[in-house]
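Just so it is clear: chains get the letters A, B, ... in the order the sequence lines come, proteins before strands, and each one is counted from 1.
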Protein chains: 2
Amino acid sequence: MSLGSRKQLILQAIIEDYINTAEPVGSRTVSKKYLTDVSSATIRNEMADLEEMGYIEQPHTSAGRIPSDKGYRLYVDHLMSQKAINQKDNDFIRKEFMDTIGEIDRLIKHASKLLSSMTKYTSIAMAPQFKRTCLKHLQIIKVDSFNILAVIVTDAGIVKNSVIRSEQDIDIDTLDKISKILNEKLLGLSIEELVKMDFSELDNSINGYKQIFTEILPELLQALKYSERAEIYYDGAANLLELPEYNDVQKAKDFLNVLDENDLLFDILNDVSKDTSVIIGKENKVHQLKNCSLITATYSFNGKIIGSVGVVGPTRMKYSKVISVVDCLTQNLNDILSKIIKT
Amino acid sequence: MSLGSRKQLILQAIIEDYINTAEPVGSRTVSKKYLTDVSSATIRNEMADLEEMGYIEQPHTSAGRIPSDKGYRLYVDHLMSQKAINQKDNDFIRKEFMDTIGEIDRLIKHASKLLSSMTKYTSIAMAPQFKRTCLKHLQIIKVDSFNILAVIVTDAGIVKNSVIRSEQDIDIDTLDKISKILNEKLLGLSIEELVKMDFSELDNSINGYKQIFTEILPELLQALKYSERAEIYYDGAANLLELPEYNDVQKAKDFLNVLDENDLLFDILNDVSKDTSVIIGKENKVHQLKNCSLITATYSFNGKIIGSVGVVGPTRMKYSKVISVVDCLTQNLNDILSKIIKT
DNA sequence: TGTTAGCACTCTTCACTGCTGAGTGCTAAT
DNA sequence: ATTAGCACTCAGCAGTGAAGAGTGCTAACA
């Protein structure tokens with residue numbers, strides 16, 4: 001069922017006005033501000049149709065109309081002007097990233113800050129999923145008589161450490177040899193595989209080091225397991241409270257509770273598969289966010305998706321703007337990752 | 001100027017009732033619930049005195065009294081029952097920490113979560129300040145032909161990594177030798193000193209490696225500088241909104257804005273010197289928190305303060321409870337740190 | 001047949017009103 | 001020094017009515 005082109009224009013007008021004002025939009029407003037050559041009475045008739053079709057709703061009899069989730073969906077998929085990213089924004093993001101060096105987690109945290117400050121909504125971000133990356137180098141270092149340190153570097157440039165206490169004073173050469181053996185055997189495996197791996201088959205290679213292996217390996221695997229869940233960040237929680245829809249304290253409370261639940265955020269960010277996805281209102285699996293829209297995008301390394309970022313806001317969201325910012329940001333993220341970490 | 005003992009009792013009654021109910025406390029309430037053998041009229045007279053002395057205030061003529069900052073201060077310093085930590089809470093904290101292994105930052109993050117969930121306020125925490133700890137071991141590892149990795153372990157068990165791209169393919173033995181030289185020269189120095197150090201005096205020791213040094217050192221120092229600022233965490237932001245004082249959206253907004261400003265939180269947590277400190281209302285240097293109270297405590301390693309944690313809430317805070325929880329938590333933190341990281 | 005003007009109707013919002021209850025300060029009696 | 005009693009103050013609440021926004025319907029018009 002396709003809408004007449006005038007109905008489309010009216011729906012678009014209603015949505016864009018509502019996005020800007022957060023006030024129900026009346027027929028008069030549409031007639032005066034958007035479709036000046038049509039009278040408000042005509043608009044009224046069309047609006048009644050649009051309501052019947054489920055694209056807009058009326059909060060109460062004497063109010064204007066507001067878009068429904070279905071309306072927003074049509075808008076995002078067909079009506080919205082796909083505005084290319086503002087050149088200025090693009091430059092800004094690029095520049096901000098240039099200045100951020102250091103650990104990759106820090107980069108993602110910064111990305112989250114950028115997203116929230118540029119969109120004025122709340123951003124969420126997931127650091128690279130360690131388990132999806134592959135072992136590139138492993139080295140066991142002696143710190144002192146009782147502490148050894150396992151350093152793991154993966155292809156996405158993630159580095160993880162694990163301090164292991166050892167009862168015996170192992171000499172450096174031994175550790176080097178063990179490092180070499182492990183490196184040979186394990187190189188290129190994903191951390192996910194590695195954790196599940198059956199190490200008994202290593203038996204042949206480790207003649208003479210068996211005792212040390214049985215002391216170190218479990219600790220190492222344990223540490224890997226603990227690193228499996230990626231860090232989750234959010235930023236700009238205060239932005240939400242600027243919006244009129246969150247003048248209701250209860251709603252603000254519910255929203256903040258979601259942000260405090262790392263598991264929930266993880267599920268949200270982990271669920272993303274497409275490059276960029278827009279989830280509107282009740283489309284959300286997480287029922288606490290059924291009044292929110294969520295725009296997420298993934299970032300990749302070596303063709304593999306390793307993490308994602310997103311923006312959460314009211315369904316009355318500046319979709320066009322946010323989508324372009326999120327897109328641009330992940331684009332830059334991909335660039336930087338592939339550049340920093342080229343072999 | 002010392003209060004009569006009955007005035008003290010009345011002040012205590014007012015404060016404790018107000019802490020529980022968030023409602024101004026009237027003379028009748030005090031007489032009925034706390035000092036049953038004195039009439040409300042007498043209480044009224046005493047309350048008028050207390051108000052004149054500045055310990056309590058009246059929101060408006062026909063309301064009861066609420067404590068002033070000065071009142072809370074007296075209460076915290078002299079009136080409050082210094083309740084020892086609940087044995088159950090202590091066990092709980094201990095147990096929670098036992099289960100948390102892994103990186104020290106994760107431990108602190110967990111501590112923050114614990115604080116907010118046990119106190120029902122918002123917690124803030126600063127991970128160990130890298131720069132205040134001393135170099136224990138430094139090792140430079142070859143990852144592949146173009147990437148080398150510097151691993152730095154400090155006495156507090158903090159491990160930092162820095163991936164350095166190198167134009168030349170340096171062989172492993174060379175890196176080992178460089179590691180040894182640097183270790184010898186730099187062991188025991190605090191990171192703070194290290195960053196400021198003049199490396200030209202190394203010249204003699206590095207015959208033959210000079211070119212490599214000049215490539216690696218600046219990168220290494222840069223990475224150290226970026227790690228200088230400790231991570232800041234907060235948790236339980238949603239708890240605040242449960243409190244009636246934050247039904248005013250504007251106040252909630254102001255508070256969230258503080259949490260979003262890492263620099264501000266850093267200043268707050270960095271300012272702490274005493275073991276445990278209680279800052280009430282306008283005593284706060286940060287003007288955004290002049291309606292809040294802040295209870296902070298430090299944790300140490302090797303006798304040096306390396307970080308701090310805190311709880312932020314309304315001035316109407318359950319001081320006794322929070323102080324005991326914060327104390328207990330840092331106590332446990334100290335224990336764990338000294339145990340985990342003993343040489 | 002699609003469009004428009006006009007009008008009665010609905011419903012929210014806001015300002016105003018008067019009432020109630022909580023709490024006070026003062027006074028006079030104990 | 002303490003207490004009972006009383007007049008007074010003020011926030012909060014419910015009720016009221018007017019104003020304004022927006023609608024749906026009808027009848028006229030191109």
Which residues in residues 30-38 of chain B have at least one heavy atom lying under 4.0 Å from any atom of DNA chain D?
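Under 4.0 Å from DNA chain D: Asp37(B), Val38(B).
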
Test Gln87(A) against every option in Asp89(A), Asp91(A), Asn90(A) by the side chain to side chain donor-acceptor pair (under 3.5 Å) rule and name the one that passes.
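Per the side chain to side chain donor-acceptor pair (under 3.5 Å) rule, the option paired with Gln87(A) is Asp91(A), out of Asp89(A), Asp91(A), Asn90(A).
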
Just checking, is any N or O donor in the side chain of Glu16(A) or Tyr75(A) under 3.5 Å from an acceptor N or O on the other one?
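There is such a pair (donor and acceptor under 3.5 Å, judged by atom type) between the side chains of Glu16(A) and Tyr75(A).
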
Once you round it to whole Å, what is the distance between [atom2] of [N] and [atom1] of [X]?
X: Asp17(A); N: dA21(D); atom1: CG; atom2: P; answer: 15 Å
X: Glu46(B); N: dA1(D); atom1: CD; atom2: C1'; answer: 10 Å
X: His60(B); N: dC8(D); atom1: NE2; atom2: C1'; answer: 14 Å
X: Ile10(B); N: dT2(D); atom1: CD1; atom2: C1'; answer: 13 Å
X: Ile43(A); N: dA21(D); atom1: CD1; atom2: P; answer: 19 Å
X: Arg6(A); N: dT1(C); atom1: CZ; atom2: P; answer: 16 Å

Test of understanding: with ring-ring contact (aromatic ring centres under 6.0 Å, His included), list the residues that count as partners of Tyr72(B), not counting sequence neighbours.
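Here the qualifying residues are Tyr319(B).
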
Where do Thr276(A) and Asp327(A) land on the side chain to side chain donor-acceptor pair (under 3.5 Å) test, with the steps shown first?
CA-CA 7 Å; Thr276(A) 308; Asp327(A) 271 351; 2.5 Å; yes

Is a salt bridge present between Lys120(B) and Glu242(B), judged by a nitrogen-to-oxygen distance below 4.0 Å?
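No salt bridge links Lys120(B) with Glu242(B).
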
Identify whether the distance between the nearest side-chain nitrogen and carboxylate oxygen of Glu51(A) and Arg65(A) falls below 4.0 Å.
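Salt bridge present between Glu51(A) and Arg65(A).
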
Starting at CG of Leu79(A), measure out to CG of Leu9(A) and round the result to the nearest 0.5 Å.
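Rounded to the nearest 0.5 Å, the CG-CG separation comes out at 8.0 Å.
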
Is a donor on one side and an acceptor on the other found under 3.5 Å between the side chain of Asp260(A) and the backbone of Ala237(B)?
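Looks like yes, one N/O pair under 3.5 Å.
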
N/O donor-acceptor pair under 3.5 Å between Ser68(A) side chain and Gly54(A) backbone
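Yes; judged by distance alone, with no hydrogens or angles, the pair exists.
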
Please enumerate all residues that pass salt bridge (charged side-chain N to carboxylate O under 4.0 Å, His left out) together with Lys109(B), with sequence neighbours excluded.
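Counting only residues at least two positions away or on another chain, Lys109(B) forms a salt bridge (charged side-chain N to carboxylate O under 4.0 Å, His left out) with Glu231(A).
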
Kindly give the atom pairs (protein nitrogen or oxygen, nucleotide nitrogen or oxygen) under 3.5 Å for nucleotides 22-24 of chain D.
{"residue": "dG22(D)", "atom": "O4'", "partner": "Ser62(A)", "partner atom": "O", "Å": "3.2"}
{"residue": "dG22(D)", "atom": "O3'", "partner": "Ala63(A)", "partner atom": "O", "Å": "3.4"}
{"residue": "dT23(D)", "atom": "OP1", "partner": "Ser27(A)", "partner atom": "N", "Å": "3.3"}
{"residue": "dT23(D)", "atom": "OP1", "partner": "Arg65(A)", "partner atom": "NH1", "Å": "3.4"}
{"residue": "dT23(D)", "atom": "OP2", "partner": "Ser27(A)", "partner atom": "N", "Å": "3.1"}
{"residue": "dT23(D)", "atom": "OP2", "partner": "Ser27(A)", "partner atom": "OG", "Å": "2.6"}
{"residue": "dG24(D)", "atom": "OP1", "partner": "Arg65(A)", "partner atom": "NH2", "Å": "2.9"}
{"residue": "dG24(D)", "atom": "N7", "partner": "Arg44(A)", "partner atom": "NE", "Å": "3.1"}
{"residue": "dG24(D)", "atom": "O6", "partner": "Arg44(A)", "partner atom": "NH2", "Å": "3.3"}

Contacts of type side chain to side chain contact (heavy atoms under 4.5 Å, CB included), residue Asp248(A), not counting sequence neighbours
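With neighbours one apart ignored, the set is Gln250(A), Lys251(A).
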
Five-pair end axes of the helix from dT1(C)-dA30(D) to dT30(C)-dA1(D) and the angle they enclose, rounded to 10°
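Here the local axes at opposite ends form an angle of 20°.
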
